[in-house]
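First comes the structure, then the notes that go with it.
FYI, the numbering just counts along the sequence from 1.
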Amino acid sequence: ANLRRGRFCGYRGLLTCAGFWLWLGRKASCVADFVFTRQFLNELSEFQKSTSDDDLKSLEKTLAVIVRDPYLRGRVPSFYDPSLPSYLYRAGNVLIHFRVNQRRSIEFINLFWPKV
């Protein structure tokens, strides 16, 4: 893995490196980089206005889990673009659309939730 020198901390699975926390994957690979599309950020802004603090914390935890292990159990292929596979992952009432790009970084594409 292309990790800079760092030291392990008390919490299992975290490595501190140049002042940043990097989540280590279960295998030799490490996906520490992620980006949000403009669409995802717009949807996140709307979601924040219409939801509780508990739902926001749940979303934050779910995003961290996806960053730590993008091939987690429960994800479903979206079949949106066969050349760049993307996945859907449900957490409560929220559906997260994401993909792992060629640079092994995670791109969060869309955020879906019931808009009542």
ask   = Taking all atoms of both residues into account, what is the closest heavy-atom pair of P82 and P85, and its distance?
value = O-CD, 4.0 Å
Quiz: residues 87-97 side-chain donor-acceptor pairs under 3.5 angstrom, not counting sequence neighbours:
unit_1, atom_1, unit_2, atom_2, d
H97, NE2, S78, OG, 3.4
H97, NE2, S86, OG, 2.9

message = Which residues pass the side chain to side chain donor-acceptor pair (under 3.5 Å) test with Q39, not counting sequence neighbours?
response = E43
Residue pair V67 / P70: nearest heavy atoms and the distance that separates them = O-CD, 4.1 Å
ask   = Same cluster or not: are Y71 and F108 linked, directly or through other Ile, Leu, Val, Met, Phe, Trp or Tyr residues, by side-chain heavy atoms under 4.5 angstrom apart?
value = yes
key: ILVMFWY cluster, I66 and F112 together (side-chain gap under 4.5 Å)   = no
key: Pairwise distance CG(L72) to OG1(T62) - rounded to 0.5 angstrom   = 9.5 Å
key: Residue pairs, two or more places apart or on separate chains, that pass salt bridge (charged side-chain N to carboxylate O under 4.0 Å, His left out) and touch residues 44-55   = none
ask   = Which pair of heavy atoms, one from I109 and one from T37, lies closest together, and at what distance?
value = O-OG1, 2.8 Å
ask   = Around K57, counting heavy atoms of other residues, nucleotides and ligands shown, do more than 12 lie under 6.0 Å from its NZ?
value = no
request  = Report yes or no: do V35 and L41 belong to one cluster of Ile/Leu/Val/Met/Phe/Trp/Tyr joined by side chain heavy-atom distances under 4.5 Å?
outcome  = no
key: Nearest-0.5 Å distance, CG of residue N110 to CZ of residue F36   = 13.0 Å
query = What is the distance from atom CZ of F40 to atom CG of L63, rounded to the nearest 0.5 Å?
reply = 5.0 Å
message = Side chains of L59 and L44, heavy atoms from C-beta outward: is any pair under 4.5 Å?
response = yes
request  = Treating Ile, Leu, Val, Met, Phe, Trp and Tyr as nodes and any side-chain heavy-atom pair under 4.5 angstrom as an edge, say whether F34 and V65 lie in one connected cluster.
outcome  = yes
